[in-house]
Amino acid sequence: YGHQLLAHELGGTVEKADAKEYGLRSLDQRSGTLAGLESDQVWMSHGDQVVQVPTGFIVSATTGSCPVAAMESPERRIFGVQFHP
């Protein structure tokens with residue numbers, strides 16, 4: 001739960017997901033640090049999710065049902081991923 005804890009402690013919003021995500025998923029959007037990934041396939045396993053990133057963060061990956069699969073603040077060198085890398 002590091003991704004959710006980072007978001008919560010730094011002023012973002014974490015909520016129970018409408019649908020739990022478990023298993024292989026494709027990242028729909030990738031930017032920032034994740035833009036150069038060779039594969040868009042990741043393993044998800046969660047029932048809670050970040051729905052609003054903290055101030056100064058960008059959303060660097062999404063899935064069809066997870067609006068913040070990854071977030072980052074490059075200036076602060078803080079990165080969070082919902083999935084198992």
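Sequential numbering from 1 along the given sequence is applied to the chain's residues.
- Of all the heavy atoms in G56 and S73, the pair that sits closest is O-OG, 3.5 Å.
- Residue pairs meeting the salt bridge (charged side-chain N to carboxylate O under 4.0 Å, His left out) criterion with at least one partner in residues 19-29, sequence neighbours excluded, are E21-R25.
- Nearest heavy atoms, H3 versus A70: CE1-CA, 4.1 Å.
- Other residues sharing a hydrophobic cluster with M71 under the 4.5 Å side-chain heavy-atom criterion for ILVMFWY residues are L6, L10, V14, V50, V53, F57, V59, V68, I78.
- Contacts classified as side chain to side chain donor-acceptor pair (under 3.5 Å) and involving residues 75-85 (residues at least two apart or in different chains) are given here: Q4-Q82.
- Here T33 contributes atom OG1 and I58 contributes atom CD1; the two are 7.5 Å apart, rounded to the nearest 0.5 Å.
- Between D48 atom CG and C66 atom SG the span is 10.5 Å, to the nearest 0.5 Å.
- The ring-ring contact (aromatic ring centres under 6.0 Å, His included) analysis of residues 12-31, with sequence neighbours excluded, yields the pairs Y22-W43.
- Residues passing the side-chain hydrogen bond (donor to acceptor under 3.5 Å, both in side chains) test with Q49: none are found, sequence neighbours excluded.
- Here M44 is tied into one hydrophobic group with L27, L34, L37, V42, V81, F83, each link being a pair of ILVMFWY side chains closer than 4.5 Å.
- Looking at every heavy atom in both residues, Q41 comes nearest to S39 through N-OG, 3.1 Å.
- Residues R30 and S60 are not in side-chain contact: their nearest non-hydrogen atoms beyond the backbone lie 4.5 Å or more apart.
- The 12-atom threshold is not exceeded at NE2 of H8, counting heavy atoms of other residues, nucleotides or ligands nearer than 6.0 Å.
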